[in-house]
Amino acid sequence: MNKRPFLNSFFLISFILFDSESIWSQEIANDFNNNIGKMYVVVGVIVLIFLGLVYFLVRMDRRLKKLEKDIPIIKQ
Amino acid sequence: MKTWVKILAVSLIVYSFIAGLLVPLGPGIKKVSPIKVVAGNQQILDIWTYNTHYSSSKPTVFLKGEHDHLLKATSVEVVGDQKIKALFNFPKITPGTPGIQDLTLVINNQKDGNSILPGALFLSTDEVSASVPQWIPLDQIKLEKATFFKFPYRKILEETIRNIYFHVSLWFAMILLFLLSMIRSIQHLRVGGIRFDQQARSYAEVGILFGMMGLVTGMLWATYTWGAPWSFDIKQNMSAVALLIYLAYFVLRSSIDDNDKKSRIAAAYNIFAFVALIPLLFVIPRLVDSLHPGNGGNPALGSDDLDNTMRMVFYPAVVGWMLMGLWMANLLYRYHRVNELFLEKANT
């Protein structure tokens with residue numbers, strides 16, 4: 001079975017998003033992303049923004065955890 | 001921070017997501033073949049289009065030459081919704097100047113309105129005359145107008161024109177956050193007090209996060225429009241330098257142990273960082289050639305890149321991300337304040 005689902009899907013997604021060679025060639029490649037007018041670039045941008053917000057949340061979570069560990073009242 | 005500000009921030013961003021994704025793109029012409037024609041010949045043009053409905057609404061095809069004269073296609077064959085073949089009879093005599101002329105392709109139908117491709121073909125012509133019966137002046141032609149909401153179709157950009165609402169508004173919000181951070185730093189140096197320093201730090205932290213998000217989204221966008229994630233464009237380089245300057249702000253903070261000294265040195269550095277940010281983002285990229293809109297003779301936010309339909313989504317998105325940034329900075333500031341109070345209590 002797939003032991004690293006996250007890693008593999010990450011490679012798959014980055015392959016789909018960053019495989020630009022066919023799109024940049026002079027002839028219009030008849031691939032999926034180009035047929036729908038590069039719409040998946042917009043989806044990718046939105047996903048990246050969401051990941052940025054998640055990063056903020058994770059950091060906030062870690063900091064609060066540290067603070068809670070130090071405050072005796074919350075610890076019990 | 002008032003609750004209505006948070007609600008406003010979220011609803012503006014949700015609005016920009018929904019409107020930015022659901023409003024359709026206008027019709028456009030992807031490709032024409034061949035691109036060279038000679039006056040006095042007959043030529044069939046293969047035309048590939050985007051977001052058009054030619055099967056249900058028959059198109060008329062024109063070529064626009066010099067002095068706003070249009071040549072109508074003799075016959076049009078609809079191959080599919082997004083592909084047509086047009087037969088043109090180019091008369092021997094052409095209005096305008098002799099030599100090579102740039103022709104604009106205009107396709108018009110009732111359902112989609114106009115699709116325009118400037119510089120679609122080159123016409124080489126020897127004989128010219130002021131008026132040729134086949135070439136009709138623009139004001140004598142009736143063109144259908146589309147009335148629905150749509151974003152403009154741009155070659156190469158295509159659907160990614162929607163990224164303006166997400167990528168650009170992040171940078172706008174970043175500028176506001178860094179500006180507020182600098183104001184708090186000035187206040188800290190003038191008035192003193194740890195609160196101003198903590199506020200300055202929180203604004204800068206969120207600002208740098210937004211800047212990173214702007215850079216990464218820009219790289220993804222550039223992969224599909226400029227051909228590479230990082231093409232060492234002046235705008236990309238300078239914004240990376242600006243973010244590094246702000247990263248150094250945090251390195252500086254963590255390298256000094258004494259709190260009083262740390263806050264004052266960091267505040268002075270922060271003012272310098274904002275002063276450096278302005279030329280890096282807004283002055284230097286304008287002085288040299290750049291791929292980025294708004295730089296090197298490349299207009300941004302002009303009518304070509306941002307029409308009125310887009311403004312109705314873009315400005316709310318900017319305000320929404322600015323308020324979102326303020327909210328996030330406010331959360332960080334509250335954390336830093338509680339942390340500081342706790343450390344003070346623990347030390348006494």
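Scope of the values below: all heavy atoms of this structure, side chains included, with no hydrogens, waters or symmetry mates. These numbers were taken from a predicted model, which means no experiment stands behind them. Lettering follows sequence order; numbering is per chain, from 1.
- Counting heavy-atom pairs closer than 4.5 Å to chain B, the top-ranked of the candidates Val43(A), Leu64(A), Leu53(A), Val47(A) is Leu53(A).
- Between chain A and the residues Val216(B), Asn339(B), Leu170(B), Leu332(B), the largest count of heavy-atom pairs under 4.5 Å involves Leu332(B).
- Residue pairs satisfying the salt bridge (charged side-chain N to carboxylate O under 4.0 Å, His left out) criterion with at least one member in residues 328-339 of chain B, sequence neighbours excluded, are absent.
- Within 6.0 Å of the OH atom in Tyr55(A), the count of heavy atoms belonging to other residues, nucleotides or ligands does not exceed 12.
- Ser33(B) is not listed as a side-chain neighbour of Leu45(B), based on a closest heavy-atom distance of 4.5 Å or more.
- Taking the ring centre of Trp48(B) as origin, the terminal cationic atom of Lys31(B) falls inside the region bounded by 6.0 Å and 45° from the ring axis.
- At a 4.5 Å heavy-atom cutoff, the contact between Leu331(B) and chain A is made by backbone and side-chain atoms alike.
- Applying the salt bridge (charged side-chain N to carboxylate O under 4.0 Å, His left out) test to residues at least two apart or on different chains, none of the pairs has a partner in residues 12-29 of chain B.
- Contact of Phe166(B) with chain A is made through backbone and side chain together, with heavy-atom distances under 4.5 Å.
- In this structure the side chain of Lys30(B) reaches within 4.5 angstrom of the side chain of Glu158(B), judged on heavy atoms.
- The residue among Met60(A), Arg63(A), Arg59(A) with the most heavy atom pairs within less than 4.5 Å of chain B is Arg63(A).
- For chain A, no part of Met212(B) is nearby; none of its heavy atoms comes within less than 4.5 Å.
- Neither the backbone nor the side chain of Tyr153(B) comes within contact range of chain A; no heavy atoms are under 4.5 Å apart.
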